Asks: 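Would you mind keeping the following structure in view while I ask a few things?
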Amino acid sequence: MLISAGRRRASHGFATIEVLVAVIVILMVGSIAVLSFGGTDRRAVALEASETAVFLQETRLRALELGRPIEIVVTAQDGFIDAGGRQHYFARGMTVSPQQAALILQPTGQSNGLRLEFSKGSHTAALTLDWLTGRVDIR
């Protein structure tokens, strides 16, 4: 079957339109993907606060199990918290304040108390270690 020269030229223009539609679809999918990744800072802050809370709860249980106090030292500028020789490293790019803090966690849970604020981008979370009970809360 022979195709006329006029139809061949028309089909070339149609391929260009197909390419343009494909590019538009790719751009739309890409923009949706970029917008969905905008929540990663929020998730990163929440995850870091949760991981640090678990680390502090494990430290309290270890103090109770050993029957002796454990010193907790926060060194945010170096990116970690130390509790009796065990460390928890903060996620890269995470801002933690205060930059330095130290306290003694008793086996009963009593301490001087601690409040850490985690931030990345415009998202923040606060973690508190109750001075009397050793309970860890995230807000």
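Quick caveat: nothing in here was measured; it's all calculated off a predicted structure.
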Asks: Report the C-alpha separation of E51 and E48 in whole Å, then their side-chain angles, then the decisive distance to 0.1 Å, and conclude whether the side chain to side chain contact (heavy atoms under 4.5 Å, CB included) test is met.
Replies: CA-CA 5 Å; E51 288 178 351; E48 186 60 48; 4.1 Å; yes

Asks: List the atom of A49, the atom of A125, and the distance in Å for their closest heavy-atom pair.
Replies: CB-CB, 4.2 Å

Asks: Any donor-acceptor pair under 3.5 Å linking the side chain of R86 with the backbone of I81?
Replies: no

Asks: Please report the shortest heavy-atom distance between P98 and A76, naming the atom on each side.
Replies: O-CB, 3.9 Å

Asks: Spell out, yes or no, whether I70 and V136 are grouped together once hydrophobic residues are joined by side-chain heavy atoms under 4.5 Å, including indirect joins.
Replies: no

Asks: Using the side chain to side chain contact (heavy atoms under 4.5 Å, CB included) criterion, which residues pair with S50? Sequence neighbours excluded.
Replies: I138

Asks: Listing request: all side chain to side chain donor-acceptor pair (under 3.5 Å) pairs with a residue in residues 64-78, at least two apart in sequence or in separate chains.
Replies: none

Asks: Sort and list the pairs that fulfil ring pair (Phe, Tyr, Trp, His ring centres under 6.0 Å) and have at least one residue in residues 44-80, not counting sequence neighbours.
Replies: F55-H88, F80-Y89

Asks: Could you check L103 against L129 for side chain to side chain contact (heavy atoms under 4.5 Å, CB included), going step by step and ending with a plain yes or no?
Replies: CA-CA 11 Å; L103 64 118; L129 176 70; 3.9 Å; yes

Asks: Find the distance between NE2 (H123) and NZ (K120) and round it off to the nearest 0.5 Å.
Replies: 10.5 Å

Asks: Apart from M28 itself, which Ile, Leu, Val, Met, Phe, Trp or Tyr residues share its cluster (side-chain heavy atoms under 4.5 Å, direct or through members)?
Replies: I24

Asks: Among residues two or more places apart or on two chains, list those pairs meeting side chain to side chain donor-acceptor pair (under 3.5 Å) that have a residue in residues 92-116.
Replies: R115-E117

Asks: Distance from M94 atom CE to S119 atom OG, nearest 0.5 Å?
Replies: 8.0 Å

Asks: Closest heavy-atom contact between P107 and A63?
Replies: CB-O, 3.5 Å

Asks: Can you list every side chain to side chain donor-acceptor pair (under 3.5 Å) pair that touches residues 124-139, not counting sequence neighbours?
Replies: D130-T133, R135-D137

Asks: How close do L127 and A53 get, heavy atom to heavy atom, and via which atoms?
Replies: CD1-N, 3.5 Å

Asks: Could you please spell out the steps behind the side chain to side chain contact (heavy atoms under 4.5 Å, CB included) verdict for L56 and I72?
Replies: CA-CA 9 Å; L56 291 172; I72 298 173; 3.9 Å; yes

Asks: To the nearest 0.5 Å, tell me how far L105 CG sits from R62 CZ.
Replies: 9.5 Å

Asks: Please say yes or no: joined through hydrophobic side-chain contacts below 4.5 Å, possibly via intermediate residues, are V19 and L27 part of one cluster?
Replies: yes

